[in-house]
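Notes follow the structure.
Every heavy atom of this structure was used, including side-chain atoms; hydrogens, water molecules and symmetry mates were not. In this chain, numbering begins with 1 at the start of the sequence shown.
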Amino acid sequence: MATQASFGDMPVRDFVAALSAKQPTPGGGAAAALAAALGDASGAMACVYTQRKKDRERGVFDKAKASGDLLTASALSDVAAADADAAAYAALQATWKKDCALTEAEKDRVAADALAVPVDLLERCYLNARDVAAFVPLCNPNIVSDAKVALHLLSGAARAAHATVLVNSPPEDVKRDCEAKLAELADAEAAVLGLGGGPRAERGAAAAPPGRARRRLRPRPGVARCPRRTGRVGLGAPSAAAAASSGRGRAATPGATRSPDSRRVEPRGGARRPAMSYGAGAPIAFADDDAVRPAVAEADAPARSPGRTRAACAAALVFALARPPPGGPGCWAAAAAALDATSTTSTATSLPARVNISVSNAYERKAGRQTGDGLYPYKYLVEVHQPTTFEVTDLSHLPASPACTWTLGTYVDATSGCASVSHIFDAVGEEYVTFNAFLSTTGESLSYSFAVHVKYVRREIRELTAEDRERYLGAVQVIYNTDTATGQTLYGSAYRGSEWLVREHLYGAASKMCDHWHDDAGFLNHHVGITWQFETAMQAVDARVAAHYWDYTIDASLNETDQFSSSLLFSEDWFGTPSPVNGRHVVDAGRFAFTKVKSAAREFSAITNPYGLLRSPWNTNSAPYLMRFQQVMGVKYDDYSLAGCSVFTDTLQNFDSIAAFTSKLNGQLHGPIHIMIGGHWWFKNSTDNKTLATKTAHDMGLGGAPFSKDASAWMGVGQGSRSRMLLASKFLWRQGYVRCPETCSSDAAWEDCACSCPAEIVGTSDADAYDVLNKSGLIDINTNWKNPNLFGMTWRDVLDFLCHVGHPGEMFTSAAPQDPTFWPLHGNAERFMHLVRLLNAQGDKHLDETWGYMHVTTGLDSDTHAVCNWTGVEGMGMPSCDLGATCPGHHEDDLLPFDLWESQPHKFSNSEFYNYTSPLNKHVPYVYDRLTFWPSCHNQTIWHGNLSTIVVRD
């Protein structure tokens with residue numbers, strides 16, 4: 001077989017003889033691939049015969065045409081897979097020889113390539129079989145049996161490919177994924193045959209582990225869907241013309257700038273979708289069928305064109321199956337006879353063996369970098385809803401005048417030519433792109449197919465174009481101005497208003513038991529999950545937006561007196577000032593001026609403040625609007641500054657566990673920004689033991705420092721010295737010492753609706769006060785607290801001060817999502833973890849992924865290890881508190897509250913969600929624009945170690 005260029009060039013009889021011979025190739029993998037090609041071609045034929053006038057009238061013409069074009073293109077990829085299987089096996093055989101010079105890593109790469117060929121074939125069979133099964137009820141009844149043949153051939157080919165998968169020792173997740181697909185295909189076959197449930201009907205359709213095994217039965221992205229609530233699988237896609245105008249996949253603006261040669265389509269080890277020459281197989285799926293199917297029209301060419309080769313006719317036969325033969329049934333017989341002809345093998349082609357294609361969009365070309373700095377495991381990563389340019393970078397290797405077409409998902413472009421094409425993918429998922437070149441002078445054709453992974457790209461918000469940023473901010477505005485009930489009427493069931501998201505965060509963070517979301521191992525998962533929900537809600541409003549992030553290390557590097565407030569993020573047209581100057585600290589200017597906090601919320605939420613506002617119970621502020629303040633108990637930003645490059649760099653270099661990274665992200669790397677935006681005011685004066693509500697506005701902390709020198713000296717100076725007071729107040733509230741009013745009338749004055757510590761709980765003496773602070777654990781946590789008697793105060797003053805609580809802004813509370821800055825802040829944390837996890841995946845950094853958390857033992861009043869049981873507590877009764885426990889929500893097997901997509905099989909546990917949201921998981925619908933690139937940092941990066949090339953998934 002060494003002299004055989006392609007199995008696709010062989011007469012059928014020769015291939016059958018070769019398959020039955022005692023020789024390494026062709027083998028079972030090639031047989032499976034050609035069975036898949038016949039299945040795809042048979043399905044395409046059924047689609048073609050469902051393109052009659054009556055089919056147009058009943059509304060299935062365009063679906064049939066799109067599905068037929070897609071299946072025809074897949075048949076070509078299947079033929080190529082037969083050759084890929086042989087090449088992969090030959091490479092694998094070479095690694096078994098004693099004199100093999102490859103390293104172990106290189107051998108592993110060869111083995112991975114050998115496994116990838118049947119895995120990809122099984123995936124393609126699975127997707128196409130599902131489409132065919134959905135098409136059967138719509139098929140021309142006179143040819144429905146051919147559609148069923150296609151389904152059975154594809155299902156059988158998938159099972160055959162699975163046999164090859166198994167001999168290549170697949171990982172368990174790949175094995176489970178393949179088994180789940182085969183089970184679904186068995187069900188589909190049984191349903192079409194009317195035999196009832198398939199194998200899964202007996203054993204139950206158990207949910208598979210997230211990300212790998214069972215997937216929702218759906219057509220590939222870009223294919224029209226039936227309404228989701230019906231649970232039915234839709235069929236096909238709009239025709240090329242319809243797609244171009246309505247957008248399931250569409251041509252981008254003509255004349256798009258060609259991309260740099262940043263990524264090249266080159267098969268790894270010769271085993272992954274290699275470029276093949278298929279004799280005279282005509283370019284497939286052109287928009288103008290009559291003009292671009294010369295090989296099919298010439299299926300009986302040997303009788304009329306003696307120079308036509310046997311290989312040309314063999315290729316023509318495969319693709320003639322996809323359409324009615326232009327010359328009538330006799331052409332099929334002529335083509336079949338051509339397979340048995342004794343003419344010589346194919347003449348040399350002037351087309352190259354392959355082409356190199358670069359892929360990029362305007363963002364990548366402007367930055368000069370690939371999305372994710374090339375770290376994500378995809379050879380081709382394409383941004384959904386953005387024009388993407390595909391460019392042949394070695395155009396000079398093509399002859400002068402080939403006819404070229406591009407098939408991009410279900411869209412076909414026959415007009416852009418050979419050099420490049422620009423296209424917009426309108427749905428997330430894996431798509432296939434095929435470049436076809438046909439040389440009419442020799443009858444030779446070149447076809448090259450490759451996969452692209454289409455995802456949302458979360459970008460640094462300042463890097464967005466003005467148009468894209470306005471789309472993003474406009475969608476955020478809708479979330480904050482339109483409640484969930486109204487929004488779901490307007491935008492569908494995936495919509496969530498800000499009040500829904502705030503309530504979810506309150507239920508996690510404002511529970512009396514403990515904080516289920518922060519200061520422990522579940523911090524990252526909860527914030528990744530709620531940000532995903534926010535993104536989905538925005539996309540219900542505008543499908544083109546993503547949850548973009550704020551890289552505040554850029555602002556930290558600025559030579560500004562106040563780097564924080566100087567950030568573009570706080571422009572009025574963006575998120576508005578970080579510290580309004582009005583007396584109530586209400587955001588009163590800009591895009592988010594007077595953003596409402598949900599009022600009369602008791603029927604909506606089990607957690608509200610005394611005024612019925614959707615706030616933390618201990619935040620007794622009555623103003624029903626978003627608030628911010630730069631002062632924290634009289635100190636600007638509590639002496640915090642933005643986490644800069646050095647902090648991120650040191651963390652990345654010096655820590656190596658998810659326990660440590662989660663702790664650093666919860667605290668130092670992001671936590672202070674909550675405090676800097678929220679602020680804290682209206683507290684108790686330690687010298688006269690009266691609330692500052694009786695003082696002037698200036699004294700209340702609205703413009704000056706309200707504390708006596710004694711209180712300021714006792715609290716000390718430095719980062720966190722003031723914000724820890726609110727954290728201590730919350731700790732006392734959870735343990736039952738601080739009590740806040742259940743309800744207050746809307747006109748109640750602040751001082752009449754404040755939290756306090758009842759004497760019947762905390763006593764009245766200074767000794768009683770010290771006893772409370774000691775029993776609660778605050779004395780142990782705050783080892784730097786000095787004896788207040790040295791500062792003209794008593795322990796009673798300290799306790800009264802903490803019991804009053806005061807008023808913080810939204811970002812410094814459990815209702816933080818009430819502030820729209822919440823979302824870009826947390827995106828930066830997940831971006832950092834994507835970098836960490838990818839460095840680990842490519843062997844450049846060790847990451848201990850044992851579930852856990854690096855607790856702060858002293859000095860952090862939120863990291864308390866306390867869980868309080870309030871069951872049955874009434875009146876002034878006290879809860880039972882375990883000061884050494886882990887709060888539910890942070891254990892490895894605790895379930896998270898998120899429903900992230902319609903067919904999600906179950907609530908994820910922490911460990912499942914951590915695994916699912918891996919940047920290596922192709923099912924995660926988003927990536928980040930830059931990972932190693934941090935523009936304000938030394939050498940424009942926070943990683944100064946080795947940077948390998950990650951194993952690419954085609």
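For the residue pair Asn361/Thr388, the side-chain donor-acceptor check at 3.5 Å is not satisfied. Between the side chains of Ser74 and Asn128, at least one donor N or O sits under 3.5 Å from an acceptor N or O. Between the side chains of Glu364 and Thr371, at least one donor-acceptor pair of N or O atoms lies under 3.5 Å.
Counting all heavy atoms, side chain and backbone alike, Met10 lies closest to Ala18 at CE-CB, 4.1 Å. In terms of heavy-atom proximity, Ser449 sits nearest to Thr434 at OG-OG1, 2.7 Å. Minimum heavy-atom separation, Ala88 to Val117: CB-CG2, 4.2 Å. Nearest heavy atoms, Leu847 versus Ile658: CD1-N, 3.7 Å. In plain terms, the two heavy atoms of Ala41 and Ala75 that are nearest each other are N-CB, 4.3 Å. Nearest heavy-atom pair, Leu70 versus Gly409, reported as atom, atom and distance to 0.1 Å: CD1-O, 3.6 Å.
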Report task. Using the side chain to side chain contact (heavy atoms under 4.5 Å, CB included) rule, take Leu446 and Phe435 through it: C-alpha gap first, then chi angles, then the decisive distance, then the call. Result -> CA-CA 8 Å; Leu446 164 73; Phe435 171 78; 4.3 Å; yes
Report task. Apply side chain to side chain contact (heavy atoms under 4.5 Å, CB included) to Phe135 and Cys47, showing your working. Result -> CA-CA 8 Å; Phe135 172 69; Cys47 291; 3.9 Å; yes
Report task. I would like to know whether Asn168 and Leu92 meet side chain to side chain contact (heavy atoms under 4.5 Å, CB included); could you show each step before the answer? Result -> CA-CA 10 Å; Asn168 282 282; Leu92 190 62; 3.9 Å; yes
**Report entry** Working for side chain to side chain contact (heavy atoms under 4.5 Å, CB included), residues Thr917 and Arg837
**Finding:** CA-CA 11 Å; Thr917 54; Arg837 297 178 76 174; 4.0 Å; yes
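Using a 4.5 Å cut-off on side-chain heavy atoms (C-beta onward), Met45 and Leu71 make no contact. In this structure, the side chains of Arg109 and Leu102 stay at 4.5 Å or more apart for every pair of heavy atoms. No side-chain heavy atom of Phe450 sits under 4.5 Å from any side-chain heavy atom of Lys379. By the 4.5 Å heavy-atom criterion applied to side chains, Thr410 and Asp69 are not counted as neighbours. Using a 4.5 Å heavy-atom cutoff, the side chains of His423 and Val382 are not in contact. The closest side-chain heavy-atom distance from Arg130 to Leu185 is below 4.5 Å. Within the 4.5 Å cutoff, the side chain of Val110 has no heavy atoms near those of the Glu106 side chain. At least one side-chain heavy atom of Cys418 sits less than 4.5 Å from a side-chain heavy atom of Pro402.
In this structure, Asp78 CG and Leu154 CG are separated by 7.5 Å, a value rounded to the nearest 0.5 Å. Residue Gln93 holds its CD atom at 12.0 Å from SG of Cys100, rounded to the nearest 0.5 Å. One distance of note links CG of Asp844 with CG of Asn946; it measures 4.5 Å at 0.5 Å rounding. Taking OH of Tyr89 as the start and OG1 of Thr164 as the end, the distance is 11.0 Å to the nearest 0.5 Å. Rounded to the nearest 0.5 angstrom, Glu189 CD and His152 NE2 are separated by 5.5 Å. Rounding to the nearest 0.5 Å gives a distance of 11.0 Å between CG of Asn840 and CG of Leu835.
With sequence neighbours excluded, the residues that form a side chain to side chain contact (heavy atoms under 4.5 Å, CB included) with Leu153 are Leu38, Val149. Residues meeting the ring pair (Phe, Tyr, Trp, His ring centres under 6.0 Å) test with Phe15, sequence neighbours left out: Phe7. In terms of the salt bridge (Lys or Arg N to Asp or Glu O under 4.0 Å) criterion, Lys175 has no residue partners (sequence neighbours excluded).
Side chain of Asp85 to main chain of Ala81: no donor-acceptor pair is present (N/O by atom type, distance under 3.5 Å, no hydrogens or angles). Panel note: side chain Asp373, backbone Leu931; a donor-acceptor pair is recorded below 3.5 Å. The closest donor-acceptor contact from the side chain of Lys455 to the backbone of Val924 lies under 3.5 Å. Remark: side-chain polar atoms of Asp146 are not paired, donor with acceptor, to backbone N or O of Ala46 under 3.5 angstrom.
Between Tyr378 and Tyr376, the angle of the ring planes stays under 30°, which puts this pair in the parallel group of the 30/60° scheme. Using cut-offs of 30° and 60° on the angle between ring planes, the pair His834 and Tyr926 is parallel. Relative ring orientation between Phe390 and Trp406 is described as tilted, the plane-to-plane angle lying within the 30° to 60° band.
Lys107 has a carboxylate O that lies under 4.0 Å from a charged side-chain N of Glu104, or vice versa, which qualifies the two as a salt bridge. The pair Asp120-Arg124 does not count as a salt bridge, with every side-chain nitrogen at least 4.0 angstrom from each carboxylate oxygen.
Each of Leu122, Leu115, Leu121 was scored for a side chain to side chain contact (heavy atoms under 4.5 Å, CB included) with Val119, with one residue passing: Leu115.
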